[in-house]
Amino acid sequence: MTPFKGVLISWLMLARNSLLARLASSAWILAFIVLCGLGTTSFGKTLLLVRQAGQDLAESGSIASIPGRFNQALDQLDRFRKAVAKVEIRNSERWIPELGLTQGSQMEKEAKALFCRKFSGDFLMAYDREMDRDARQFSDATPSFSVGRTVAHYARRIRLLDKALEGADLKTLKSLASPDFSWLVTRKDRGLTPEDTSRMESLYLHYLVWETRDGLETEKKRLHSQLVHLAGKPDLSLRWMIDWCNENAGGNPLTRQSFWGGSRNVSPDEKVRPAFTAQGFRMIMDILDELENSLENPGDLNAKKTGFLSWYRETYRKTWLKFAVAFPGGAATLAGPGEKMTVAKNIAAGRGPCVALLDVMARELPVCLDEHEPAPEWISRILEFSAVRNHVEKPEAATEQDLAGTVKKKGLAFLEKSKPAALGGISQEALTSKGDIYLRYKQSLENLALTATSRPSAFKLATDVFTEDPAMGQSALAASLR
């Protein structure tokens, strides 16, 4: 039995090895077939992509020569951009590996390089050179809107370039503030439609994501040198920001008529322009931040910034004080008994023009205060009045123990730091006491309005003015004066 057993074992081992060999051979053959299939499919896909890319780029038109006219050049570049974008999308959606067949991606790379070279070197540079030449001549005699638009254009392009150098994608770049290309272009060509502006922005953003790192760094260096030159010019202050803000804020100036609501125009009318509102203040601080962030060494800007902010805050306060002094003249806008009666009813209900003005000033003035200096007395009183009203009419908004708490709830927490000097540290007891006075005053106004609703009552009220003792009289007018 032993010899037979040995033969059986040998036969089984040989059979097993033969089976493994056949399986291994089959696996290699299958892998070869799959690889051949992938290669064939990849070759076919590459051939199709190259053919489609060539067709799209050919249909978009050649950009070997950029036309001199803006509209023609914009159309030609935009068509080519769209064609390159199609090529990019098709290549990104490819799921079959290239397997060394890189003709499609190489064609995309060359098309992007051609677009960037033509857009930046042959198209955009012509406008940049003209703006750079004008910027070197800027002084305080230059119109503020020209300086503002130019500086903002430089700063925002540098900001975009920084993000592009960090690897930001198209979506991220679109979320950032865009340079004003309408200003860049219309310096040379008349008129630029919103559609053309949008296309110009799209061309520039695609240029940023397609351009090489060396190209982006070269452009940033050139724009940065211009911005440094403007920031360091001794004959160019930062006051151009006021006119720039007034032009770009998008709101109308506040007038006395805005509060009184009359239909009659009063000339001249005092105005508070957008630069002297909280929104305008934030715009100016934002452009200052953009300017600082665009400069590698903002030392030349710091001295100008300190002087400008001191002047700006002072002018901001004076503008509102002048407006408040002239505010009673807004009653001249009321034409006829109907408009006057409407205002009288609003005054009795606590919604009169003066209360509305105080509310607006309490919201707009704190931004112009310096946290290191005490606030002017008249601003402190306005904020105090606002706190008292909030305490009485909106007790849930006045949960802190002093005026700084009320101001903090308005988003002006920085004032809390200067509470002793700027706000006087009004206590809860003082708020309650002054709140009672405010309520009595408001009730007197309501009584006065009810008394004056009819002609006989108004006549009697006028008679009481001359017949009763103001200190002891019981009429609504006497009560409101006490």
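In what follows, every heavy atom counts, from backbone to side chain, and hydrogens, waters and symmetry copies are set aside.
Ring orientation note: the planes of Tyr204 and Tyr207 are tilted relative to one another, at an angle of 30° to 60°. A perpendicular orientation is assigned to the rings of His153 and Phe181, their planes being inclined by more than 60° (bins at 30° and 60°). Between Phe276 and Tyr312, the ring planes lie tilted relative to each other; the angle falls in the 30° to 60° range.
Smallest separation of non-hydrogen atoms from Leu216 and Ala164: CD1-CB, 4.0 Å. Here the closest heavy-atom approach between residue Gln257 and residue Gly262 is recorded as NE2-O, 2.7 Å. Residue Ala177 comes nearest to Glu290 through the heavy atom pair CB-OE2, 4.4 Å, listed as atom of the first residue, atom of the second, then distance. For the pair Thr150 and Ala135, the tightest heavy-atom approach, listed with the atom from each and the gap, is CG2-CB, 4.2 Å. Of all the heavy atoms in Phe281 and Val367, the pair that sits closest is CZ-O, 3.3 Å. Closest approach of Phe308 and Arg239 over heavy atoms only: CE1-CA, 3.9 Å.
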**Ile379 vs Trp320, side-chain contact (heavy atoms from CB on, under 4.5 Å): CA-CA, chis, key distance, verdict** = CA-CA 10 Å; Ile379 295 181; Trp320 277 100; over 6 Å; no
**Item:** Stepwise side-chain contact (heavy atoms from CB on, under 4.5 Å) test for Val272 and Glu364
**Value:** CA-CA 11 Å; Val272 177; Glu364 303 288 351; over 6 Å; no
**Request:** Decide yes or no on side-chain contact (heavy atoms from CB on, under 4.5 Å) for Leu124 and Met200, but give the supporting numbers first.
**Result:** CA-CA 10 Å; Leu124 187 62; Met200 188 74 176; 3.8 Å; yes
**Request:** Take Asp75 and Arg199, measure what side-chain contact (heavy atoms from CB on, under 4.5 Å) needs, and give me the verdict at the end.
**Result:** CA-CA 9 Å; Asp75 290 341; Arg199 288 198 296 167; 2.8 Å; yes
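Inter-residue side-chain proximity for Ser198 and Thr193 is flagged as unmet; no heavy-atom pair is nearer than 4.5 Å. Considering only heavy atoms from C-beta on, Leu205 stays 4.5 Å or farther from Val209 through its side chain. For the pair Ile158/Leu295, no side-chain contact is recorded, criterion being any heavy-atom separation below 4.5 Å from C-beta on. Thr255 is listed as a side-chain neighbour of Ser258, based on a closest heavy-atom distance under 4.5 Å.
For Lys112, the salt bridge (Lys or Arg N to Asp or Glu O under 4.0 Å) test picks out Glu88, Glu108, with sequence neighbours left out. With sequence neighbours excluded, the residues satisfying ring pair (Phe, Tyr, Trp, His ring centres under 6.0 Å) with Phe385 are Tyr438. Under the rule for a side chain to side chain contact (heavy atoms under 4.5 Å, CB included), the partners of Asp243 that lie at least two apart in sequence or sit in another chain are Ser144, Asn246. Annotation: ring pair (Phe, Tyr, Trp, His ring centres under 6.0 Å) contacts of Trp244 (sequence neighbours excluded): none.
With hydrogens and angles disregarded, a donor-acceptor distance shorter than 3.5 Å links the side chain of Thr218 to the backbone of Asp214. Panel note: side chain Asn346, backbone Pro353; no donor-acceptor pair is recorded below 3.5 Å. The main-chain N or O of Phe327 is found under 3.5 Å from a side-chain atom of Trp260 such that the two form a donor-acceptor pair. A donor-acceptor distance shorter than 3.5 angstrom exists from the side chain of Thr319 to the backbone of Thr315, with no hydrogens or angles considered. Arg213 places a side-chain N or O within 3.5 Å of a backbone atom of Leu165 that can act as its donor or acceptor partner. Side chain of Lys304 to backbone of Leu238: no donor-acceptor contact under 3.5 angstrom is found. With hydrogens and angles ignored, the 3.5 Å screen pairs no side-chain donor or acceptor of Ser178 with any backbone N or O of Lys174.
No donor-acceptor contact under 3.5 angstrom links the side chains of Glu211 and Ser120, judged on distance only. At a cut-off of 3.5 Å, with distance as the only test, no side-chain donor of Thr172 or Ser175 sits close to an acceptor on the other residue.
Taking CZ of Arg313 as the start and CG of Leu365 as the end, the distance is 13.0 Å to the nearest 0.5 Å. Note: Leu321 CG to Tyr316 OH = 13.5 Å, rounded to the nearest 0.5 Å. Between the CD atom of Glu201 and the CG atom of Asp196 there is a distance of 11.5 Å, given to the nearest 0.5 Å. A distance of 8.5 Å separates OG1 of Thr142 from CD of Gln137, quoted to the nearest 0.5 Å. The distance from atom OG1 of Thr333 to atom CD of Glu339, rounded to the nearest 0.5 Å, is 7.0 Å. If you take CG on Leu309 and CD on Glu314, they are separated by 13.0 Å, rounding to the nearest 0.5 Å.
Residue pairs meeting the ring-ring contact (aromatic ring centres under 6.0 Å, His included) criterion with at least one partner in residues 208-242, sequence neighbours excluded, are Phe115-Trp210, His206-Trp210. Evaluation of the side chain to side chain donor-acceptor pair (under 3.5 Å) test over residues 270-288, restricted to residues two or more places apart or in two chains, returns none.
Residues Glu292 and Lys305 are paired through a salt bridge, judged by an N-O separation under 4.0 Å between the basic side chain and the carboxylate. Between Arg81 and Asp78, at least one side-chain N (NZ, or NE/NH1/NH2) sits under 4.0 Å from a carboxylate O, which counts as a salt bridge. At a threshold of 4.0 Å, the pair Arg159-Asp162 does not count as salt-bridged, since none of the basic side-chain nitrogens sits closer than that to a carboxylate oxygen.
When the options Gln226, Arg157, Arg133 are evaluated for a side chain to side chain donor-acceptor pair (under 3.5 Å) with Asp128, the one that passes is Arg157.
Sparse packing is recorded around NZ of Lys163, with 12 or fewer heavy atoms of other residues, nucleotides or ligands lying under 6.0 Å away.
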